Amino acid sequence: MLKMFTCWFVREDGAHKPIQLHHLQTLVLGRGPQTTIKDKKCSREQVELKADCNKGYVKVKQLGLNPTSVNSVVVGKGNEVKIKPGQLLHIVNEMYSYTVRFREDPMGNNNNNSSTKLQTQASSDHRSLPADKDDDGLCQTVKHEEKNTKEERFGHWSQGLKSSMQDPKLQVYKDDKVVVIKDKYPKARHHWLVLPWQSITSLKALHKDHCDLVKHMHQVAEQMIEQCPDSRSLPFRMGYHAIPSMSHVHLHVISQDFDSSCLKNKKHWNSFTTDYFIESPDVIEMLETNGKVTVKEGICDLLKLPLRCHKCRKELPTIPALKEHLKSHFPK
DNA sequence: GTTCTAGAAC
DNA sequence: GTTCTAGAAC
């Protein structure tokens with residue numbers, strides 16, 4: 001549950017009502033009725049504003065010839081700076097001062113009907129107080145600390161698989177023990193994830209009792225390959241990342257063409273083509289013989305190895321060069 | 001995990 | 001000049 005913010009461009013002398021800056025939409029201001037500025041030194045298109053309501057700043061670009069300044073530092077024509085609440089923006093020649101303010105949007109929308117209320121309020125941050133006598137939540141700074149803890153509990157990116165696996169639209173197979181989803185950012189023509197319903201954080205949490213489950217995950221992975229028409233012509237591998245980014249243990253089932261626009265960097269490549277990728281049978285064997293899965297120390301260094309073709313071992317200098325090379329092994 | 005972007009590499 | 005990577009932010 002991300003909090004929504006609206007952004008307001010506030011004239012300090014109250015010459016006009018605050019102007020709402022919509023998230024990531026550019027707004028050009030200068031001499032004209034919106035600002036009430038009549039000064040000829042101010043261009044009709046003096047500044048371009050773009051608010052990022054999530055990050056809590058506004059990008060200001062000086063379009064006009066005469067100086068726009070932030071805390072008395074001139075921006076310069078064609079230049080862009082970020083301003084945050086608390087900083088003072090002068091539209092031109094140290095005149096017509098403005099500040100930006102972010103306000104929690106209780107409706108979760110970007111409506112424009114609270115501008116009159118906003119004008120008379122002092123800047124303060126009472127968002128953690130009960131709402132009954134709140135001052136409408138106007139704040140000088142977006143409290144990222146508070147936001148982050150909420151994200152980690154519910155919506156942090158590393159928890160994404162937990163919700164994806166529950167989404168029927170993403171499920172391609174399920175039984176009483178496991179579910180299969182397509183990888184959201186597939187790194188090859190075919191790329192699935194097999195996840196147990198049981199909440200297991202990572203390989204580290206696996207022990208002997210999980211043997212049957214992990215074997216079942218392997219069997220389901222094999223079924224996925226078998227039902228794929230391309231598996232007659234394309235090789236597949238099944239395995240786990242040694243240290244995955246996403247929480248909840250998941251078995252990758254991936255065709256070996258690596259023909260995907262989502263494969264973008266060295267980490268992507270090496271995570272599937274070095275020993276960072278632990279084959280499913282190896283995990284099963286480690287569980288059976290040791291009762292746990294051990295990952296070699298320094299395994300992360302494998303992610304930084306030079307790019308090397310997994311088929312012919314040729315080293316390629318860049319990702320685009322590697323992708324071009326892969327076409328020779330896996331024509332469409 | 002991805003996106004964004006500064007600056008390295010070419 | 002453009003392409004590409006790698007680290008920060010999310």
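Remember, it's a predicted structure, so these values are computed and weren't measured experimentally. Every chain is numbered from 1 and lettered A, B, ... according to where its sequence line falls, protein lines coming before strand lines. Computed from heavy atoms alone, side chains included, the values below leave out hydrogens, waters and symmetry copies.
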State which of B:dG1, C:dA6, C:dC4 makes the closest approach to the side chain of A:Ser245. B:dG1

Can a side-chain donor-acceptor contact be found between A:His218 and A:Ser280 if the only test is distance below 3.5 angstrom? yes

Output the single nucleotide from C:dA6, C:dT5, B:dG1 whose closest atom is nearest the side chain of A:Lys266. C:dA6

Measure from NZ or CZ of A:Lys264 to the centre of the six-membered ring of A:Tyr185, then state whether that distance is under 6.0 Å and the direction lies within 45° of the axis. no

Taking OP1 and OP2 of B:dT5, is either one under 4.0 Å from a side-chain nitrogen or oxygen of A:Lys59? yes

Assess the side chains of A:Thr68 and A:Gln46: does a donor N or O sit below 3.5 Å from an acceptor N or O? yes

I want to verify a distance call: between B:dG1, B:dT3, C:dT5, whose nearest atom is closest to the A:Ile319 side chain? C:dT5

Using the side-chain heavy atoms of A:Pro320, tell me which of these nucleotides is nearest: C:dA6, B:dT3, C:dC4. C:dC4

Under 4.0 Å from OP1 or OP2 of B:dT2: is there any side-chain N or O of A:His268 that close? yes

Could you check whether any side-chain heavy atom of A:Leu307 comes within less than 4.5 Å of a side-chain heavy atom of A:Ile319, counting everything from C-beta outward? yes

Proximal nucleotide (of C:dT5, B:dT2, C:dC10) relative to the A:Trp157 side chain: C:dC10

Quick check for you: among B:dT3, C:dA6, B:dG1, whose closest atom lies nearest to any side-chain atom of A:Lys187? B:dG1

If the cut-off is 4.0 Å, is A:His241 near the phosphate of B:dG1, judged by side-chain N/O to OP1 or OP2? yes

